[in-house]
Amino acid sequence: MPMNQCVILGTGSYAPPRVVTNEELAKTIDTSPEWIYTRSGIRERHLTSPGENTSDMAVHAARAALADAKLTPADIDLLVVATLTPDLPMPAVACQVQHKLGVPTHAACFDLNAACSGFIYALDTASAMIQSGRYKHALVIGAEKLSAIVDWSDRATCVLFGDGSGAVVLSRTTKPGFGIVGTKLGAYGDSTDLLCIPKGGSSCPATAASIAAGDHFLKMKGKEVFKLAVRAMDEAARDILEQHHVKADQIALVIPHQANVRIIEAVSQYLELPMDRFYVNLDRYGNTSSASVPIALDEARRGGRIKHGDLILLVAFGAGLTYGSALIRWN
Ligand code: ACO
């Protein structure tokens with residue numbers, strides 16, 4: 001059976017209206033706006049207000065992507081949400097999003113957790129399902145309410161994260177040469193302890209003691225994550241370029257995971273590709289994990305940074321430590 005080509009027909013994103021600046025954080029946390037900006041590149045982040053959840057943010061981004069693709073929820077037969085902060089441990093937040101959006105009950109709906117690489121993992125999965133010929137139109141969403149899992153008394157982590165969502169609509173196309181050219185995924189499973197939530201899973205369900213100790217919050221060994229992140233991003237980018245016989249300077253725009261501008265600068269040096277070919281918006285969002293790449297992709301496209309025929313590289317790393325890259329010829 002001939003393989004179908006898969007294209008991104010539409011993009012969308014959403015950030016909660018509440019903006020919290022470094023200056024505001026410095027009023028309640030032992031930090032300074034300069035420390036946060038010089039160590040990470042972050043100036044502000046969007047945070048949800050009480051009552052706003054991952055599913056709500058996912059729905060906003062999905063609606064924008066559907067409108068952009070000129071499709072309706074009724075057209076969708078596959079819905080994947082990349083997230084590490086679903087509304088509930090179960091069921092999958094994808095099912096809540098399906099219901100809120102009005103996606104038909106015959107659609108396949110599931111969550112995928114590869115932390116900050118989650119969107120690229122979901123893109124790979126959904127595009128393969130579309131290429132198989134068994135699905136027509138997929139919604140792939142990255143949505144995170146990280147404000148709910150960071151320890152607001154841990155200055156080494158809480159200043160880095162934000163909330164938000166991004167989405168794409170994937171569809172089959174008969175136009176050869178456009179769409180998802182290839183993907184590369186991987187993980188360093190020997191480094192799970194560098195970035196994790198130590199308790200609250202099935203191996204150690206939450207207890208009063210674990211909650212009192214703050215063990216259901218995100219813990220990170222920042223310096224070690226930084227080093228491995230640079231290696232993982234560089235390898236993920238290099239591997240996919242080699243695999244498809246593409247030179248770095250053929251890439252019109254890199255959409256990297258927005259964790260720390262110093263990580264992006266290091267990757268730019270390793271690839272010998274100037275920083276103006278990297279889309280950076282982490283100054284306004286912080287790290288939104290699996291939402292970071294689709295938010296940046298949507299902004300870049302709507303801002304005129306991506307044109308028909310451009311070769312775009314997505315690259316990310318996240319807890320696990322997972323990594324992933326995707327090469328797209330923009331349609
Ligand atoms: N304000 C002021 N001082 C602080 C703060 C803060 N918010 N946080 C830490 N410090 C202090 C530390 O206590 C330390 O003090 P000490 O030297 O007296 O012990 C000092 O600042 C320096 O800390 P470093 O760890 O050396 O700072 P570094 O330059 O490594 O930057 C950072 C820290 C920003 C966390 C960096 O290591 C980083 O970005 N790491 C990668 C993070 C990342 O990408 N995470 C990905 C998450 S992806 C996912 O899947 C969720």
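Both counts, for ligands and for their atoms, begin at 1 and track the order of listing.
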- Message: Under 4.0 Å between a side-chain nitrogen and a carboxylate oxygen: does that hold for Glu235 and Arg231?
- Response: yes

- At the 4.0 Å heavy-atom cut-off, does Asn287 count as touching ligand 1? yes

- Between the main-chain N or O of Thr183 and the side-chain N or O of Asp124, is there a donor-acceptor pair closer than 3.5 Å? no

- Message: Please classify the Ile29 to ligand 1 contact at 4.0 Å (heavy-atom distances, strictly less than): side chain, backbone, both or neither.
- Response: neither

- Any donor and acceptor pair, going by atom type alone, linking the side chain of Lys307 with main-chain N or O of Gly304 inside 3.5 Å? yes

- Message: Looking at Thr48, is its backbone amide N or carbonyl O close enough to the side chain of Asp163 to form a donor-acceptor pair, meaning the two atoms are under 3.5 Å apart?
- Response: yes

- Message: Ring of Phe178, cation from Arg329 - is the NZ or CZ under 6.0 Å from the centre and inside 45° of the axis?
- Response: no

- Message: Are any of the N/O atoms on Gly318, whether in the backbone or the side chain, positioned under 3.5 angstrom from an N/O atom of ligand 1?
- Response: no

- Task: Please indicate, with yes or no, if any protein heavy atom is found under 4.0 Å from atom 50 (O) of ligand 1?
- Result: yes

- Item | atom 22 (C) of ligand 1 protein-contacted (non-hydrogen atom, under 4.0 angstrom) | yes

- Message: Could you check whether Arg155 pairs with Asp30 (Lys NZ or Arg NE/NH1/NH2 to Asp/Glu carboxylate O, under 4.0 Å)?
- Response: yes

- Query: Looking at ligand 1, does any of its N/O atoms fall within less than 3.5 Å of an N/O of Ser32?
  - Reply: no

- Please state which protein non-hydrogen atom is closest to atom 43 (C) of ligand 1 and give its distance, to 0.1 Å? Val225 CG1, 3.8 Å

- Query: Where's the contact between Leu146 and ligand 1, heavy-atom distance under 4.0 Å: side chain, backbone, both or neither?
  - Reply: neither

- Query: With only distance considered, is Ser40 within less than 3.5 Å of ligand 1 through an N or O on each side?
  - Reply: no

- Task: Using the six-membered ring wherever Trp is involved, compare the ring planes of Tyr14 and His60 and label them parallel, tilted or perpendicular (cut-offs 30° and 60°).
- Result: parallel

- Quick check: does any side chain N or O of Ser290 sit under 3.5 Å from a backbone N or O of Gly142, one acting as donor and the other as acceptor? no

- Message: Using modelled atom types and a 3.5 Å cut-off, is there a donor and acceptor pairing between side-chain atoms of Glu144 and backbone atoms of Ala115?
- Response: no

- Query: With a 4.0 Å heavy-atom cut-off (strictly under), which part of Thr157 contacts ligand 1: side chain, backbone, both or neither?
  - Reply: neither

- Does some non-hydrogen atom of the protein lie less than 4.0 angstrom from atom 11 (C) of ligand 1? yes

- Using a distance threshold of 4.0 Å (strictly less than), state whether atom 30 (O) of ligand 1 has a protein heavy-atom neighbour. yes

- Item | Per-atom contact, atom 18 (O) of ligand 1, protein heavy atoms, under 4.0 angstrom | no

- Side chain or backbone of Asn260 under 4.0 Å from ligand 1, or both, or neither, by non-hydrogen atoms? side chain

- So is Gly222 polar-close to ligand 1, meaning N/O to N/O under 3.5 Å? yes

- For Ser292 and Asn287, indicate whether the former's side chain and the latter's backbone hold a donor-acceptor pair under 3.5 Å. no

- At what distance is the nearest protein heavy atom to atom 1 (N) of ligand 1, and which residue and atom is it? Thr31 OG1, 2.6 Å

- Without swapping roles, check the side chain of Arg45 against the backbone of Val20 for a donor-acceptor pair under 3.5 Å. yes

- Report yes if Ser289 has an N/O atom closer than 3.5 Å to an N/O atom of ligand 1; otherwise report no. no

- Item | Nitrogen or oxygen atoms of His257 and ligand 1 under 3.5 Å apart | no

